[in-house]
Amino acid sequence: MNTSRIEIIQGDITKQAVDAIVNAANTSLLGGGGVDGAIHRAAGPELLAECRTLHGCRTGEAKITKGYRLPARFVIHTPGPVWHGGGSGEEALLASCYKSCLTLAAENGCKTVDFPSISTGVYHFPLEKASRIAVSTIAAFLKEHPELERVRMVCFDGRTKAFYDRALEELT
Ligand code: APR
């Protein structure tokens, strides 16, 4: 699988000047902790005001807003699945998060998209599984979408990055 357009970096997703950053949201889309809280803090109150007009989002689906005070043009919000042991379709739902976000990004003319590690914080999705699902879903989508120039995983800590580096190596 060609993975030349996928990159794994360590950093703060709110600082990335890309076309779209993805927010690991909850189904209310009204903000929270973790990366959701960081994105809302950096974007400013207009982000929440626009999110209020969206009336929530189902797990695995995605909705797009402007980026406001963020350096990114758009924020794509997706509620990831909460990990309940793997028997409730969590893996398919996580794959759907990545696919839904990339579909929206492509529809909105985005060429560069940054993702956080969806569901692996408060939602307790195991990192080894989540990282494999993420990079394989992204690689499959990029194969069908040459218009997307680059997708990055922006990992907040070294432990998370190590899992995504390994998952990407396994794919090449
Ligand atoms: N930049 C990049 N990644 C970040 C940042 C940041 N500024 N802040 C946190 N992260 C990372 C976390 O370290 C973790 O690896 O994002 C990953 C996802 O963790 P969470 O933010 O806890 O998201 P998730 O597990 O999907 O849980 C979502 O948490 O914040 C609430 O409202 C949110 O209810 C939702 C739930």
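For reference, positions follow the sequence shown, starting with 1. When a ligand or atom number is given, it counts from 1 through the structure's own listing order.
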Judged on heavy-atom distance to atom 19 (O) of ligand 1, which of Gly11, Cys97, Gly80, Gly121 sits nearest? Gly121

Contact (N/O only, under 3.5 Å) between Gly33 and ligand 1: yes

Under 3.5 Å, is there a donor on one side chain and an acceptor on the other for Tyr68 and Glu50? yes

side-chain contact (heavy atoms from CB on, under 4.5 Å) between Leu70 and Ile39, worked out: CA-CA 8 Å; Leu70 287 162; Ile39 287 173; 4.0 Å; yes

Taking Arg166 first and then Glu169, would you say they form a salt bridge - that is, a charged N and a carboxylate O separated by under 4.0 Å? no

Do Asn26 and ligand 1 have an N or O pair less than 3.5 Å apart? yes

Mind checking whether His124 has an N or O less than 3.5 Å away from an N or O of ligand 1? no

Of all heavy-atom pairs linking Ile76 and Ala20, the shortest is CD1-CB, 4.0 Å

Taking all heavy atoms of Cys51 and all of His77, pick out the closest pair and write down the distance. SG-CE1, 3.7 Å

Among protein heavy atoms, which sits nearest to atom 23 (O) of ligand 1, and what does the distance come to when rounded to 0.1 Å? Ala24 CB, 3.8 Å

Report yes if Gly37 has an N/O atom closer than 3.5 Å to an N/O atom of ligand 1; otherwise report no. no

Gly32 heavy atoms within 4.0 Å reach ligand 1 at atoms 30 (O), 32 (O)

Would you call Asp114-Arg152 a salt bridge at under 4.0 Å N-O? yes

Side chain, backbone, both or neither: Pro79 near ligand 1, heavy atoms under 4.0 Å: neither

I need the nearest protein heavy-atom contact for atom 34 (O) of ligand 1: residue, atom name and distance, please. Tyr123 OH, 3.1 Å

Can you find an N/O atom of Val122 closer than 3.5 Å to an N/O atom of ligand 1? yes

Measure the distance from atom 1 (N) of ligand 1 to every protein heavy atom, then report the residue, atom name and distance (to 0.1 Å) of the closest one. Ile13 N, 3.0 Å

Atom 18 (C) of ligand 1: closest protein heavy atom, distance to 0.1 Å, is Ser117 O, 3.2 Å

Tyr98/Phe141 aromatic ring centres below 6.0 Å: no

What are the two closest non-hydrogen atoms of Ser100 and Glu61, and how far apart are they? OG-CA, 3.9 Å

Exercise: identify the closest heavy-atom pair between Pro81 and Cys97: CD-SG, 4.2 Å

Looking only at heavy atoms, the pair that brings Thr59 and Leu93 closest together is O-CD2, 3.8 Å

What residue and heavy atom of the protein are closest to atom 14 (C) of ligand 1, and at what distance? Thr120 OG1, 4.1 Å

Which residue supplies the protein heavy atom nearest to atom 11 (C) of ligand 1, what is that atom called, and how far is it? Phe156 CB, 4.0 Å

Under 3.5 Å between any N/O of Ser119 and any N/O of ligand 1: does that happen in this structure? yes

Closest non-hydrogen contact found for Arg150 with Glu7 is CD-OE2, 3.4 Å

Ignoring hydrogens, just give me the one of Asp12, Ile21, Asp36 whose non-hydrogen atom is nearest atom 7 (N) of ligand 1. Asp12

In ligand 1, which numbered atoms sit nearer than 4.0 Å to a non-hydrogen atom of Val154? 2 (C), 3 (N)

Do ligand 1 and Val35 have nitrogen or oxygen atoms that lie under 3.5 Å from each other? yes

